Amino acid sequence: MRRVLRAQSPDLIFAHRLEAGALMLRTRRIACPIVLDMDDLEHVRMKRRALVASGRLEKAWALGASLLARFAEGRVISACSSVLVCSELDRTKLGSRGSGRISVVPNSVPVVEEMGSAATPTAVFVGIALYAPNREAIHWLTEDIWPRVRARIPDARLVVVGEGSDALGLVPSVEGIEFLGFQASLHDVYDRARLVLCPVRRGGGTRIKIIEAAMRGRAIVSTTVGAEGLAFEPKTEILIADTAADFADRCVEVLTDPALAASLGRAARLRARANYERERVAEQVAALCRKVWSASLSKG
């Protein structure tokens, strides 16, 4: 990295995540301003891992990692000119550390055409199964939630999409579950979906899978953790449930009521366009970088 910086002589560095920020800290003697994008808070992610740890050793390791990450966040933030987080909630979780340099820039997705209503009671989960919170969500969904749904809607189908999902080796106790693995395009997947699910119970940041589904006009059921930090209004733009029974109830409500699915999807799309359009967010980032760079010139 030192060789790269000497060769390139950048006017500004945009560092993505804590690991890249820590690298900048270790490199030292960086003359240009650094903008750090913290789309996830590592100390929160590790603390939540401790809550679901299967043994004392794993729990102690995760808690130690959370404390270390919190310390590292403070050190890295203090070395940066500006820090971006994806929600007001994450800004609050950072507390007073670097408060004057922290800006909220939400995750975003491109604008796409709104899709028509799905013809069948099909639900979709999208997520990389190599990521532990997604993998755990898939297990909970297929083992505890979907059998309850299938018992009440015998023709309901669940489609699980994402890298590694087809290699989990799960043997569901009910029929009607497809594991598609990685898909180069999600258009056909969302076209089938009357409902998109986010049964995530740990992790950090905000879930792009929810924004992506909303932009396509799809109804969404999520856990509280899955939807945290996002602006979607519960009951009118998204449905929230945190137990397997409640989650299944919300799924049944939407899958058996196409009008409700359409209403939730339309409201979610309006929110997504107002808050999470990629072009608007990109301009926000560009304006912030220009401001940081101009400030460094005036000091210079």
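The structure displayed is predicted, hence computed values, not measured ones.
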[X]/[Y] ion pair, N-O < 4.0 Å:
X: R152; Y: D249; value: yes
X: E212; Y: K209; value: no
X: R192; Y: E178; value: yes
X: E228; Y: K93; value: yes
X: R45; Y: E42; value: yes
X: R17; Y: D39; value: yes
X: E114; Y: R216; value: no

Should [X] and [Y] be counted in the same cluster of Ile, Leu, Val, Met, Phe, Trp and Tyr side chains packed under 4.5 Å apart?
X: F247; Y: V252; answer: yes
X: L260; Y: V149; answer: yes
X: I138; Y: I145; answer: yes
X: L67; Y: F71; answer: no
X: I102; Y: L36; answer: yes

Answer yes or no: is there a donor N or O on one side and an acceptor on the other, between the side chain of [X] and the main chain of [Y], under 3.5 Å?
X: R157; Y: I177; answer: no
X: S108; Y: V281; answer: no
X: R218; Y: V196; answer: no
X: E73; Y: H43; answer: yes
X: R207; Y: G204; answer: yes
X: Q183; Y: E163; answer: no
X: S296; Y: W293; answer: yes
X: N134; Y: I128; answer: yes
X: S165; Y: G181; answer: yes
X: S294; Y: R290; answer: yes

Side chain proximity check, [X] to [Y], heavy atoms < 4.5 angstrom:
X: T142; Y: F125; answer: no
X: C251; Y: L197; answer: yes
X: H139; Y: L170; answer: yes
X: C86; Y: P106; answer: no
X: V161; Y: V159; answer: yes
X: E233; Y: I238; answer: no
X: L23; Y: E19; answer: no
X: M38; Y: V83; answer: yes

Could you pull out the closest heavy-atom pair between [X] and [Y], with the gap in Å?
X: L288; Y: S82; result: CD2-OG, 3.3 Å
X: A118; Y: D191; result: CB-O, 4.0 Å
X: I211; Y: N107; result: CD1-O, 3.7 Å
X: G21; Y: A15; result: N-CB, 4.2 Å
X: R148; Y: A248; result: CB-CB, 3.6 Å
X: A261; Y: A219; result: O-CB, 3.6 Å

Apply side-chain contact (heavy atoms from CB on, under 4.5 Å) to the pair V285 and F14, showing each step before the final yes or no.
CA-CA 10 Å; V285 174; F14 192 94; 3.9 Å; yes
Could you please spell out the steps behind the side-chain contact (heavy atoms from CB on, under 4.5 Å) verdict for L195 and I220?
CA-CA 6 Å; L195 176 63; I220 304 157; 5.6 Å; no
Are more than 12 heavy atoms, taken from residues, nucleotides or ligands other than [X], located less than 6.0 Å from that residue's [atom1] atom?
X: L270; atom1: CG; value: yes
X: H187; atom1: NE2; value: no
X: R75; atom1: CZ; value: no

Would you say the side chains of E58 and S54 form a donor-acceptor pair under 3.5 Å?
yes
D242 and T223 side chains, donor-acceptor separation under 3.5 Å:
no
Going through the checks in order, is the side-chain contact (heavy atoms from CB on, under 4.5 Å) test met by C32 and L12?
CA-CA 5 Å; C32 67; L12 181 142; 5.5 Å; no
Separation between [atom1] of [X] and [atom2] of [Y], rounded to the nearest 0.5 Å:
X: K235; Y: L264; atom1: NZ; atom2: CG; value: 12.5 Å
X: R202; Y: R48; atom1: CZ; atom2: CZ; value: 10.5 Å
X: L51; Y: S66; atom1: CG; atom2: OG; value: 9.5 Å
X: D37; Y: L84; atom1: CG; atom2: CG; value: 5.0 Å
X: I153; Y: D155; atom1: CD1; atom2: CG; value: 7.5 Å
X: L186; Y: L180; atom1: CG; atom2: CG; value: 10.0 Å

Full working for salt bridge (Lys or Arg N to Asp or Glu O under 4.0 Å) between E88 and R91:
CA-CA 5 Å; E88 287 289 350; R91 175 151 60 182; 2.7 Å; yes
Determine, stepwise, if the pair R49 / K59 fulfils side-chain contact (heavy atoms from CB on, under 4.5 Å).
CA-CA 8 Å; R49 178 168 177 175; K59 183 181 181 69; over 6 Å; no
Is the ring centre of Y276 less than 6.0 Å from the ring centre of F232?
yes
